[in-house]
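One structure is given below, encoded as structure tokens.
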Amino acid sequence: MSDPMNVLAPEHRRLRIGDAWRDAASGATFAIEDPATGKTIAEVADADVVDGLAALEVASKAMAGWAATPPRKRSELLTATYRALTERSEEVARLITLEMGKPLAEARGEVAYGAEFFRWFAEEAVRVEGRYSSAPAGGYRILTVPKPVGPCVFVTPWNFPLAMGARKIAPALAAGCTTITKPAAQTPLTMLFLARIMEEVGVPPGVVNVVTTKRAGEVVSALLADSRTRKLSFTGSTEVGRVLLRQAADNVLRTSMELGGNAALIVCADADLDVALDGAMVAKMRNIGESCIAANRIYVEESVREEFTARFAARMGALSVGHGLDEGVDVGALIDEASVTKLDELVADAVDRGARVLVGGERPDGPGHFYPPTVLVDVPEDARMLEAEIFGPVAPILSFTSDDEVMAKANDTEYGLVGYIFTRDLQRALRFTEGLDTGMIGINRGLISDPSAPFGGVKQSGIGKEGSHEGILEYLDLTYAAIDLP
Ligand code: NAP
């Protein structure tokens with residue numbers, strides 16, 4: 001197979017600002033590595049504040065023209081992006097795997113998922129509507145006019161290099177906003193490739209800008225401090241989200257925050273155990289466990305705990321670990337050495353406090369950032385992994401005997417992104433749906449992400465929704481006009 005890097009020519013490994021692909025003003029670059037080998041695969045431009053503000057300048061200048069572009073035309077450009085991504089799915093998937101480490105099958109899934117946001121929001125672009133009504137007391141009419149928010153700044157994480165950007169860029173463009181995306185420094189190549197594809201399909205210059213940098217703090221705070229920016233959408237850790245919310249407050253920006261999670265996955269004794277096992281495997285192992293919606297704590301009702309644990313451990317132990325580009329690999333490399341060390345420490349901490357390792361738990365030697373699928377039981381309440389985001393292929397299994405008890409434990413976290421419940425009892429499922437303090441719930445399903453559904457958390461997991469009809473509302477302001485009509 002050819003080198004996945006061939007799809008992104010060297011001239012496109014630079015900043016995408018307006019109609020140009022350019023070096024950073026300072027000429028600086030930084031290296032991107034393949035996490036499965038630790039080898040450098042590319043150098044990209046390292047923007048500083050001057051470059052960030054240059055992107056904002058073109059995004060603001062392009063705003064009026066893009067907002068005035070007929071919705072049908074904007075919609076067609078989004079559809080063209082969807083088609084191009086779909087036609088070039090294999091190339092995009094290989095690039096994602098190379099820079100991020102996930103197995104190729106997962107990367108293909110991400111391309112399908114990411115592309116679908118463009119199709120979905122192509123359909124939403126032509127359905128933006130206001131309202132006209134009579135004032136209840138009579139004498140005048142009320143008209144509401146949706147308008148694009150303005151130039152948007154997007155900051156995205158490394159775990160879904162395409163989809164996390166697509167979830168923002170597609171609704172923003174549908175609404176008539178221009179964008180500047182700062183992808184994660186570890187995985188900027190896929191976002192540059194997306195910008196190239198969007199240039200090829202004819203998205204006008206200035207509408208999609210991409211600024212790669214190793215100096216996220218400086219560049220993003222300069223963008224947020226500039227009054228031309230009107231919206232921040234961030235996906236990443238709660239810790240960084242809090243910092244950015246504070247910065248966004250100075251200019252009272254619209255914000256969408258997709259932050260961390262600590263999902264409980266609850267298996268009731270009346271569940272179909274085959275369904276629960278499939279769901280638990282997906283919820284834990286999708287994206288190598290490096291997902292905000294990964295099952296962080298698996299609670300199994302005491303009477304089925306033994307059977308569930310044995311079968312789950314067998315499935316985890318059978319997964320193959322290796323380079324994501326190799327055929328048949330289930331579990332690729334983690335993003336970096338810090339992630340491996342973090343997992344190692346979380347497992348050691350749980351074991352020190354009395355947990356038992358059933359599968360995995362040993363960090364392998366050799367190049368690349370690998371950690372094996374790991375299952376722990378007898379994990380005590382005070383183990384750090386029950387409150388931290390594990391963000392890797394490590395599964396603590398716990399037990400419960402009453403619904404009230406497990407609901408209280410599931411909710412005992414600052415996070416509120418997602419919960420999973422496996423039961424055949426409809427009333428029980430609905431009680432959990434009402435009782436769990438989360439923005440999303442999987443009922444007898446481990447996979448919930450869908451561009452046509454509103455994705456987002458409550459509590460410290462975030463603000464706002466991505467995907468669905470709600471997703472475009474995040475990019476629209478509403479002007480209300482009072483019209484005198486006696
Ligand atoms: P992160 O460390 O918070 O980084 C996310 C992005 O923020 C990166 O682009 C990063 O740039 C940038 N950043 C870091 N510090 C910054 C600062 N001071 N100012 C401005 N930007 C800054 O998160 P991550 O490790 O990439 O991603 C994992 C986290 O994302 C997890 O917590 C996960 O739960 C969360 N996540 C949430 C969702 C959701 O939808 N709720 C989806 C996916 C992931 P650099 O790369 O240069 O550091």
Side-chain angles (χ1 to χ4, degrees), residues 100-102 110 154-161 163-165 167-168 182-187 216-217 220 232-248 255-266 282-299 334-336 338-343 345-347 349-350 371 383-396 409-420 436-442 446-449 454-467 474:
M100 185 276 172
K102 69 179 75 177
E110 181 181 346
F154 297 151
V155 181
T156 56
W158 48 263
N159 61 345
F160 289 92
M164 296 302 99
R167 287 207 307 202
K168 304 180 189 307
K182 192 222 76 69
Q186 286 162 314
T187 59
V220 174
L232 163 70
S233 179
F234 170 74
T235 299
S237 61
T238 296
E239 191 187 357
V240 173
R242 285 190 200 104
V243 172
L244 296 186
L245 270 174
R246 278 187 210 110
Q247 293 178 10
T255 55
S256 302
M257 309 302 282
E258 296 287 350
L259 309 177
N262 179 3
L265 184 144
I266 299 164
V282 172
K284 180 70 250 178
M285 293 305 293
R286 175 169 170 257
N287 219 46
I288 327 174
E290 293 174 311
S291 158
C292 54
I293 53 172
N296 216 55
R297 302 167 283 159
I298 300 179
Y299 291 100
L334 298 177
I335 190 68
D336 55 20
S339 300
V340 178
T341 303
K342 175 181 155 191
L343 292 183
E345 286 173 1
L346 288 177
V347 170
D349 168 77
Y371 199 86
R384 278 174 42 216
M385 68 169 59
L386 301 186
E387 65 178 48
E389 266 193 297
I390 295 174
F391 236 63
V394 173
K409 284 184 180 161
N411 285 337
D412 184 17
T413 163
E414 69 189 21
Y415 297 111
L417 194 55
V418 65
Y420 301 92
L436 287 175
D437 296 336
T438 58
M440 300 175 286
I441 297 188
L447 183 63
I448 55 149
S449 300
F455 190 107
V458 297
K459 292 161 73 180
Q460 295 196 32
S461 286
I463 301 169
K465 298 289 180 189
E466 290 193 319
E474 303 273 327

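All values derive from a computational prediction rather than experimental measurement. Hydrogens, waters and symmetry mates are skipped; everything else that's a heavy atom, side chains included, is used.
Shown here are the salt bridge (Lys or Arg N to Asp or Glu O under 4.0 Å) partners of Glu387, two or more places apart in sequence or in another chain: there are none. Taking Asp412 as the reference, nothing meets the side chain to side chain contact (heavy atoms under 4.5 Å, CB included) condition, with sequence neighbours excluded. Checked against salt bridge (Lys or Arg N to Asp or Glu O under 4.0 Å), Arg297 has no partners two or more places apart in sequence or in another chain. By the ring-ring contact (aromatic ring centres under 6.0 Å, His included) test, Phe391 is found to be paired with Trp158, residues two or more places apart in sequence or in another chain being considered. Every residue two or more places apart in sequence or in another chain that forms a side chain to side chain contact (heavy atoms under 4.5 Å, CB included) with Ala185 is listed here: Phe30, Lys214. Ala216 meets the side chain to side chain contact (heavy atoms under 4.5 Å, CB included) test with Lys182; sequence neighbours excluded. Applying the salt bridge (Lys or Arg N to Asp or Glu O under 4.0 Å) test to Asp336 and every residue at least two apart in sequence or in another chain returns nothing. In this structure Glu389 satisfies the side-chain hydrogen bond (donor to acceptor under 3.5 Å, both in side chains) test with no other residue, sequence neighbours excluded. In this view, Ala294 and Ser291 satisfy the side chain to side chain contact (heavy atoms under 4.5 Å, CB included) rule, not counting sequence neighbours. The salt bridge (Lys or Arg N to Asp or Glu O under 4.0 Å) check on Glu290 picks up nothing, with sequence neighbours excluded. For Lys409, the side-chain hydrogen bond (donor to acceptor under 3.5 Å, both in side chains) partners at least two apart in sequence or on another chain are Glu381, Glu405.
Closest non-hydrogen pair, Thr413 versus Lys459, comes out as O-NZ, 2.7 Å. Looking at every heavy atom in both residues, Glu110 comes nearest to Ala163 through OE2-N, 2.8 Å. Of all the heavy atoms in Ala395 and Lys284, the pair that sits closest is CB-CD, 3.7 Å. For the pair Ser461 and Gly261, the tightest heavy-atom approach, listed with the atom from each and the gap, is OG-CA, 4.0 Å.
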Where do Thr187 and Ile335 land on the side chain to side chain contact (heavy atoms under 4.5 Å, CB included) test, with the steps shown first? CA-CA 9 Å; Thr187 59; Ile335 190 68; 4.1 Å; yes

Evaluation steps, salt bridge (Lys or Arg N to Asp or Glu O under 4.0 Å), between Lys465 and Glu474: CA-CA 7 Å; Lys465 298 289 180 189; Glu474 303 273 327; over 6 Å; no

message = Determine whether Tyr420 and Ile293 satisfy the following criterion, side chain to side chain contact (heavy atoms under 4.5 Å, CB included), listing intermediate values before the conclusion.
response = CA-CA 10 Å; Tyr420 301 92; Ile293 53 172; 3.7 Å; yes

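Between the side chain of Asn411 and the main chain of Asp437, a donor-acceptor pair closer than 3.5 Å is present.
Taken from OG in Ser449 to CE in Met440, the straight-line distance is 7.0 Å, to the nearest 0.5 Å. The CG atom of Leu334 sits 10.0 Å away from atom OH of Tyr371, with the distance rounded to the nearest 0.5 Å. Taken to the nearest 0.5 Å, the OG1 atom of Thr255 stands 5.0 Å off from the CG atom of Leu245. The structure places SG of Cys292 at 6.5 Å from CG of Asn159, a figure rounded to the nearest 0.5 Å.
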Side-chain atoms of residues 234-244: list all donor-acceptor pairs with protein atoms under 3.5 Å, sequence neighbours left out, distances to 0.1 Å.
| from | atom 1 | to | atom 2 | distance (Å) |
| --- | --- | --- | --- | --- |
| Thr235 | OG1 | Lys168 | NZ | 2.7 |
| Ser237 | OG | Val240 | N | 3.3 |
| Thr238 | OG1 | Gly260 | N | 3.2 |
| Thr238 | OG1 | Gln460 | O | 2.9 |
| Arg242 | NE | Gln460 | OE1 | 3.2 |
| Arg242 | NH2 | Gln460 | OE1 | 2.5 |

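Between Ile441 and Val418, the closest side-chain pair of non-hydrogen atoms is not below 4.5 Å.
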